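Keep in mind it's a predicted model, so treat the numbers as computed, not measured. Note on naming: letters A, B, ... go to the chains in the order of the sequence lines (proteins, then strands), and numbering restarts at 1 for each one.
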Protein chains: 2
Amino acid sequence: MLIDNKNIANILKSKSLKVTPQRLLVLKAIINSKNHPTAENIITYVKKFNPNIGIGTIYKVLDTLVKNKIIQKVETYNDVMRYEFHTKNHHHIYFSDKDLLLDYYDNNLDSILNNYFKKKKIPKLNIESIKVHITGKQKLK
Amino acid sequence: MLIDNKNIANILKSKSLKVTPQRLLVLKAIINSKNHPTAENIITYVKKFNPNIGIGTIYKVLDTLVKNKIIQKVETYNDVMRYEFHTKNHHHIYFSDKDLLLDYYDNNLDSILNNYFKKKKIPKLNIESIKVHITGKQKLK
DNA sequence: TTGCATGCAAATCGTTTGCAACCCA
DNA sequence: TGGGTTGCAAACGATTTGCATGCAA
């Protein structure tokens with residue numbers, strides 16, 4: 001998918017959100033980011049192109065995007081929020097030695113898990129997503 | 001496992017940590033808690049038995065316990081820390097409609113995943129744990 | 001035009017820190 | 001006794017809030 005401002009504007013329009021330069025910038029920051037930017041990462045990126053943008057505005061935009069399911073919050077072990085573009089199901093690999101979180105796509109794994117939980121029903125739960133979180137350290141050699 | 005102060009003291013001693021009333025209380029709060037208490041939950045519990053304990057002390061005790069792998073931090077989607085007693089590998093079920101996080105034990109699932117990743121090596125990664133995170137909503141009927 | 005969005009600054013709140021007094025081993 | 005631990009209060013830092021102004025539709 002090629003990303004330009006028109007594409008991003010369409011994402012906003014599809015949710016009946018007003019298209020503003022601030023929202024375009026914030027959303028572009030997240031889409032262009034390789035790995036789960038923190039609010040601080042996003043602020044740094046956005047300020048390069050619009051130094052006058054308010055921090056509060058950025059947080060409000062992030063909140064709006066999350067509420068509209070355009071982006072989502074990522075679970076973390078420390079206390080800063082990370083965000084990612086809302087995309088198809090994927091898993092996470094966490095390098096604990098580096099506090100680095102990578103996406104991991106594996107259709108094969110997805111179907112194994114889906115089949116497993118299709119058979120093994122969990123009482124009173126409608127499953128919406130099944131994600132695997134792998135923790136490890138970098139192999140040195 | 002029956003838990004009394006002697007058991008908890010032994011956990012601390014096994015890590016060569018000094019046994020103090022504050023540490024006993026904090027650790028007891030976590031062990032007795034059914035589901036992943038926040039620091040605030042722990043503070044409330046502990047203050048019932050020792051109103052004079054300092055908030056800073058509680059955070060320092062939590063930090064010490066995490067560093068000694070007696071407890072661990074739990075990944076969350078909001079910005080408060082949650083803790084759990086360090087125990088054998090388990091998975092999490094998250095009820096998004098209630099912000100409720102439950103433990104899920106499944107040896108069968110564990111071996112499926114371990115076998116899968118034993119075959120499918122991930123480059124440059126020494127896996128330490130594989131956890132499944134299931135998100136869903138409560139089934140209404 | 002009009003209501004939603006922005007910029008700004010103050011406020012909030014969970015967590016951390018520094019240090020003197022304390023107390024477990 | 002001595003070094004790790006505690007209590008306290010101030011500091012910190014990420015995020016939120018309120019409000020006047022601005023701007024997209």
Side-chain angles (χ1 to χ4, degrees), chain A residues 5-6 8-27 29-30 36-47 49-68 70-71 73-83 99, chain B residues 5-6 8-27 29-30 36-47 49-68 70-71 73-83 99:
Chain A
N5 277 352
K6 196 155 286 181
I8 299 178
N10 284 334
I11 295 172
L12 294 170
K13 281 180 193 159
S14 74
K15 304 280 182 173
S16 310
L17 293 173
K18 281 187 185 169
V19 177
T20 67
Q22 291 87 346
R23 286 178 173 171
L24 289 175
L25 261 178
V26 169
L27 190 45
I30 296 164
H36 312 100
T38 59
E40 197 195 347
N41 298 149
I42 295 165
I43 291 166
T44 303
Y45 177 96
V46 166
K47 285 246 179 205
F49 300 97
N50 176 359
N52 294 322
I53 194 170
I55 305 290
T57 300
I58 294 176
Y59 280 103
K60 281 171 192 161
V61 169
L62 288 171
D63 188 55
T64 303
L65 296 178
V66 169
K67 288 220 172 78
N68 284 276
I70 294 172
I71 65 173
K73 292 186 175 183
V74 179
E75 61 206 7
T76 65
Y77 287 100
N78 30 29
D79 57 358
V80 294
M81 285 291 98
R82 289 177 177 269
Y83 300 86
D99 192 32
Chain B
N5 277 354
K6 196 155 287 183
I8 298 178
N10 284 334
I11 294 171
L12 293 170
K13 283 178 194 159
S14 74
K15 304 280 182 174
S16 311
L17 292 173
K18 282 187 184 167
V19 177
T20 66
Q22 292 85 346
R23 285 178 173 169
L24 289 176
L25 262 177
V26 169
L27 190 44
I30 295 164
H36 312 99
T38 59
E40 197 195 349
N41 298 149
I42 295 164
I43 291 166
T44 304
Y45 177 96
V46 166
K47 285 246 180 202
F49 301 96
N50 177 359
N52 294 323
I53 194 171
I55 305 290
T57 300
I58 295 176
Y59 279 103
K60 280 172 193 161
V61 169
L62 288 171
D63 189 53
T64 303
L65 296 178
V66 168
K67 287 219 172 79
N68 284 277
I70 295 173
I71 64 173
K73 292 187 175 183
V74 179
E75 61 206 7
T76 65
Y77 288 101
N78 29 28
D79 57 359
V80 295
M81 286 290 97
R82 289 176 177 272
Y83 300 87
D99 192 32

In whole angstroms, how far is the [atom2] atom of [N] from the [atom1] atom of [X]?
X       : N      : atom1 : atom2 : value
B:Asn41 : C:dG14 : CG    : P     : 11 Å
B:Asn52 : C:dC23 : CG    : P     : 12 Å
B:Ile53 : C:dC22 : CD1   : P     : 17 Å
A:Leu12 : C:dT6  : CG    : P     : 10 Å
A:Lys13 : D:dA25 : NZ    : P     : 7 Å
A:Asn68 : C:dC4  : CG    : C1'   : 13 Å
B:Lys67 : C:dT16 : NZ    : C1'   : 11 Å
A:Lys73 : D:dA14 : NZ    : C1'   : 12 Å

* **Comparing B:Lys60 and A:Ile55 on DNA chain C - which has the more 5′ nearest nucleotide** =>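 It is A:Ile55, whose closest nucleotide lies nearer the 5' terminus.
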* No-hydrogen, no-angle side-chain donor-acceptor test under 3.5 Å, B:Asn41 and B:Thr38 ->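 Short answer, yes.
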* Asked: Within the structure shown, what part of the strands sits under 4.0 Å from A:Thr20 by heavy-atom distance: base, sugar-phosphate, or nothing?
  ->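 Since only primed, P, OP1 and OP2 atoms lie under 4.0 Å of A:Thr20, the category is sugar-phosphate.
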[X] side chain, from C-beta outward: closest of [options]:
X       : options               : result
A:Tyr59 : D:dT15, D:dT5, D:dA25 : D:dT15
B:Lys18 : C:dG7, C:dC24, C:dT15 : C:dC24
B:Gln22 : C:dG7, C:dT6, D:dG7   : D:dG7

* To do: Could you tell me the separation between the CD1 atom of A:Ile30 and the OH atom of A:Tyr83, rounded to the nearest 0.5 Å?
  =>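 Separation between the atoms: 8.0 Å.
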* Asked: About how many Å separate CD of A:Glu75 and CD of B:Glu75, when rounded to the nearest 0.5 Å?
  ->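 If I round to the nearest 0.5 Å, the distance is 4.0 Å.
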* How far apart are the closest heavy atoms of A:Lys73 and A:Met81, and which atoms are they? ->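 In this case the closest contact between A:Lys73 and A:Met81 is CD-SD, 3.5 Å.
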